[in-house]
Amino acid sequence: ISGLQENSIYEFKVAAVNAAGQGPWSAPSDPIKCSPAKCAPKITSDLSLRDMTIVAGHDLSITVPFVATPQPKAHWSINGYEVSSDSRVTFEISSHDARFYNKKAKRTDTGTYNIQLTNTEGSDQASCKVNVVDRPSPPQKPIDAYDITPETCTLSWRPPADDGGANITNYIVEKLDVASGIWTKACSFVRGLHYEVMGLEPNKKYSFRIRAENQYGTSDAMEIDEHITAKFPFTVPDPPGKPKAMAESITAVNLQWERPYSDGGSKIQGYKVEYREASEATWVAGHGSVIKSQTYTVAGLVTGNTYEFQIKATNAAGDSRPSMPSGSFELKAKANPPGPPGTPYATKVGKAYVDLKWSLPIFDGGSKITGYIIEGRESGSSWYRLNDYNVTDLYFTAINLTTNSDYEFRVSAVNAVGKSEPSLGSNLIKVQEIADGCLPEFVRGLHNCSVGLGKRLYLETEVSGKPKPGYRWLRNGREVTEQAGRVKFEEKKKDQSSLFIMIIEEIWEIDDGEYSCQAFNSMGYVSTSCRVKVGAPPRIEYIPSELHLPEGDNTKIKVKWSGDMPFTVNIFRNGEEVVDNARFKMTLFDEFLIIFMRDITKEDAGKYTVRVSNQSGSTEESFMIYISGLPGAPIGPLEVSEITSHTCKLDWNIPDFDGGSKITHYVVERRDIRHNEWIVIASFCKSTSFAVQGLTEGQEYLFRILAANVNGNGPPLDGVNPIRAKPPHDPP
């Protein structure tokens with residue numbers, strides 16, 4: 001029976017009809033109320049398709065359609081906890097839908113929303129996810145400051161505990177000059193969790209604070225716990241010990257001292273010796289480069305004068321305060337026996353004589369040399385004196401020698417105090433008549449050199465003489481012998497001379513010392529010497545192979561090496577030396593280098609070569625820097641298809657320009673045309689299409705797509721026209 005009015009009460013009666021007509025009516029039925037049949041609640045929309053993102057401060061409305069008789073009761077919960085209405089949240093229910101309304105959403109309202117509808121016939125429930133996005137919370141502690149120098153430092157921090165529901169786009173770094181109390185921005189767009197601060201002023205105190213930023217705003221600041229001082233993390237050494245002075249000659253003083261108690265946190269690179277006359281106020285440097293050992297002889301002083309001495313230790317931070325002065329030290333002219341004369345050599349050899357010559361002693365003992373005593377011996381016999389009276393000249397003829405015998409000679413110097421130690425003995429000299437013979441003479445002698453540990457040493461001299469000279473090599477006064485595979489001697493003949501060569505294929509620490517080459521013939525011998533310093537040449541232990549740096553960013557590059565200090569470091573870009581400037585700063589530590597690069601540009605790309613040198617050698621290695629930027633916008637059109645009440649599909653094309661770095665993903669954003677904020681609905685989309693969910697039926701939306709690489713997000717591709725969320729088919 002149709003046409004009845006809902007909730008009205010009716011009675012019904014029935015009459016039979018045949019060919020003769022209608023019979024009498026039956027008795028009336030009982031009163032019947034016209035109302036729907038009872039049924040359990042049934043939610044008629046899939047809430048999971050309506051997961052939504054809301055900007056904090058905006059209203060939040062969830063409408064759930066249903067069918068149920070009698071009308072059910074609604075129970076709302078968020079993340080499993082029941083929600084009660086208050087001044088901000090209200091509930092409404094009618095015979096066909098239930099509504100949740102929040103007039104001002106907060107970040108803490110994010111969660112899974114569940115509705116349960118219940119009546120006498122049963123119940124039904126459904127859920128949807130709501131993400132309320134907001135500005136992020138502050139970065140987390142600790143904020144660390146390290147690699148501090150007088151002009152730079154490095155900051156690091158932890159990301160916010162809450163990113164606000166959207167990716168952190170950047171951090172803002174501010175610095176405070178403690179003395180002035182003024183905060184200034186160091187950088188407004190830091191992509192990572194560290195930042196290389198440049199442009200500090202030496203010895204000033206600074207504080208720093210960090211803010212995180214996403215597309216919805218900037219967080220509150222998080223400040224570093226303690227101020228930092230712009231200076232090296234180490235200091236100059238403590239002063240060395242008080243030097244002990246001892247006369248080495250009447251014009252030279254030997255000094256010895258103890259190491260500083262503390263090296264200041266950096267290796268001691270050496271020492272500096274200063275002296276002054278007792279009557280003067282100004283200290284004078286006693287040498288050129290720094291001294292490696294803890295002893296040094298100051299020469300060239302004036303006999304009879306009184307001097308004071310002091311020592312400074314040096315490390316990477318600079319010179320220490322001077323040690324306590326040595327106290328007054330007078331260079332007295334008290335005489336001692338002289339030092340030994342130079343080794344005698346033959347200037348002429350005859351049938352029964354040898355003409356000898358020698359050089360003055362290095363030290364006369366503070367008393368005039370009055371003469372020399374010459375001694376000789378045949379090979380294998382004892383020494384005997386050749387002169388009855390002291391010889392005052394630097395030459396002497398030994399006579400009455402045995403023809404064809406081999407003789408050795410030595411000389412002692414004499415002053416008023418006594419006789420010196422004898423000189424070194426000459427080489428064996430054969431006594432015989434030689435026509436036109438001449439003593440060996442070095443055309444080219446030896447020169448001081450440094451050689452790296454494990455490297456090759458090559459010493460060469462050129463000698464003339466008649467008859468042709470022989471040779472021998474000495475190290476620290478002892479003869480050097482050949483060692484198979486490591487030490488060898490070579491002799492090369494020229495027209496009027498010979499080349500004497502010593503090669504050590506692999507230098508060891510014990511090879512350090514004074515080297516001499518003695519050339520000799522029957523006329524005598526000569527010697528040339530040099531100092532060979534065995535040191536550890538630099539060796540680069542760590543250097544990056546290549547770096548991909550974003551344009552406009554700051555970076556820090558560390559290079560480590562080993563070897564003997566001090567070092568000289570040069571950096572080249574594409575073959576041209578790079579010097580410090582406003583954007584490029586090098587800070588040299590004991591055994592590593594930090595390169596700071598600021599506001600990187602495309603011109604900074606190229607091949608960088610680091611060359612490290614010390615007295616023992618040099619080494620260099622290279623790395624590449626590639627500069628990349630943000631990608632371009634994806635290529636349109638941004639196509640929207642398969643539109644329903646709560647979903648749609650987006651399609652686009654890859655950008656023409658990837659910024660020099662591979663596209664890693666796309667960011668999809670939407671905007672309700674009633675609001676100004678763009679909301680991220682996909683932060684890491686790997687393909688060029690995306691299925692959008694969570695639209696509200698009847699609302700109009702705009703979409704845009706951003707391409708991203710390791711440097712960040714590029715400009716967006718915007719949709720041209722808004723779309724309305726509605727069923728795919730209109731009612732007839």
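Fair warning: this is a prediction, and the values are worked out from it, not measured in the lab.
At least one donor-acceptor pair under 3.5 Å links the side chain of S137 to the backbone N or O of D162. Between the side chain of N554 and the backbone N or O of Y195, no donor-acceptor pair lies under 3.5 Å. For the pair N170 (side chain) and V190 (backbone), a donor-acceptor distance under 3.5 Å is absent. Between the side chain of D144 and the backbone N or O of S156 there is no donor-acceptor pair closer than 3.5 Å. Put simply, the side chain of S26 gets close to the backbone of V14: a donor and an acceptor are under 3.5 Å apart. Judged by distance alone, with hydrogens and angles left aside, the side-chain atoms of N79 form a donor-acceptor pair with the main-chain N or O of T112 at under 3.5 Å. Looking only at distances, no side-chain donor or acceptor of R135 sits under 3.5 Å from a matching main-chain atom of Y216.
The neighbour count for Q22 CD, taken as heavy atoms of other residues, nucleotides or ligands under 6.0 Å away, is above 12. Counting non-hydrogen atoms of neighbouring residues, nucleotides and ligands closer than 6.0 angstrom, the NZ atom of K556 exceeds 12 such neighbours.
K141 and E223 get closest at one heavy-atom pair: CE-O, 3.8 Å. Closest non-hydrogen pair, Q116 versus S123, comes out as NE2-OG, 4.1 Å. Closest approach of P138 to D220, counting heavy atoms only: CB-O, 3.4 Å. The two residues E201 and A230 come nearest to each other via the heavy atoms O-CB, 3.3 Å. Closest of all the heavy-atom pairs between F66 and T44 is N-OG1, 3.9 Å. Nearest heavy atoms, P716 versus A633: O-CB, 3.7 Å.
Donor-acceptor pairing under 3.5 Å is recorded for the side chains of N711 and S628. Between the side chains of E82 and S77, no donor N or O sits under 3.5 Å from an acceptor N or O.
Annotation: side chain of I627 is in contact with side chain of I600 (closest heavy-atom distance under 4.5 Å). Contact check for I625 versus M597: side-chain heavy atoms found under the 4.5 Å cut-off. Looking at F703 and I705, their side chains never come closer than 4.5 Å, going by heavy atoms from C-beta outward. Between D672 and Y701, some side-chain heavy-atom pair lies under the 4.5 Å cut-off. Looking at V89 and W76, their side chains never come closer than 4.5 Å, going by heavy atoms from C-beta outward. Looking at heavy atoms from C-beta onward, I654 lies in side-chain contact with T688 at the 4.5 angstrom threshold. You'll find the side chain of I594 stays beyond 4.5 Å of the side chain of T152, heavy atoms only. Counting heavy atoms from C-beta on, the side chains of K662 and N709 never come closer than 4.5 Å.
Ion pairing of D109 with R88 is present here, as a side-chain N (NZ or NE/NH1/NH2) and a carboxylate O approach within less than 4.0 Å. Ion pairing between a basic and an acidic side chain is recognised when a charged N comes within 4.0 Å of a carboxylate O; D134 and K106 show no such pairing.
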side-chain contact (heavy atoms from CB on, under 4.5 Å) between V640 and L650, intermediate numbers included: CA-CA 5 Å; V640 186; L650 306 177; 3.6 Å; yes

Between I228 and K204, is a side-chain contact (heavy atoms from CB on, under 4.5 Å) present by the stated rule, with each step listed? CA-CA 8 Å; I228 67 123; K204 278 197 171 184; over 6 Å; no

Please determine whether side-chain contact (heavy atoms from CB on, under 4.5 Å) holds for the pair K231 and I148, giving the CA-CA distance in whole Å, both sets of side-chain angles, and the decisive distance to 0.1 Å. CA-CA 6 Å; K231 63 179 184 179; I148 302 170; 5.7 Å; no

Apply side-chain contact (heavy atoms from CB on, under 4.5 Å) to the pair E121 and C39, showing each step before the final yes or no. CA-CA 6 Å; E121 304 301 311; C39 67; 5.7 Å; no

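Below 30°, between 30° and 60°, or above 60°: for F100 and Y113 the angle between ring planes is above 60°, a perpendicular geometry. Between W157 and Y171, the ring-plane angle classifies as perpendicular under the 30° and 60° cut-offs.
Remark: K585 is not positioned above the aromatic ring of F596, lacking an NZ or CZ atom under 6.0 angstrom from the ring centre and at most 45 degrees off the axis.
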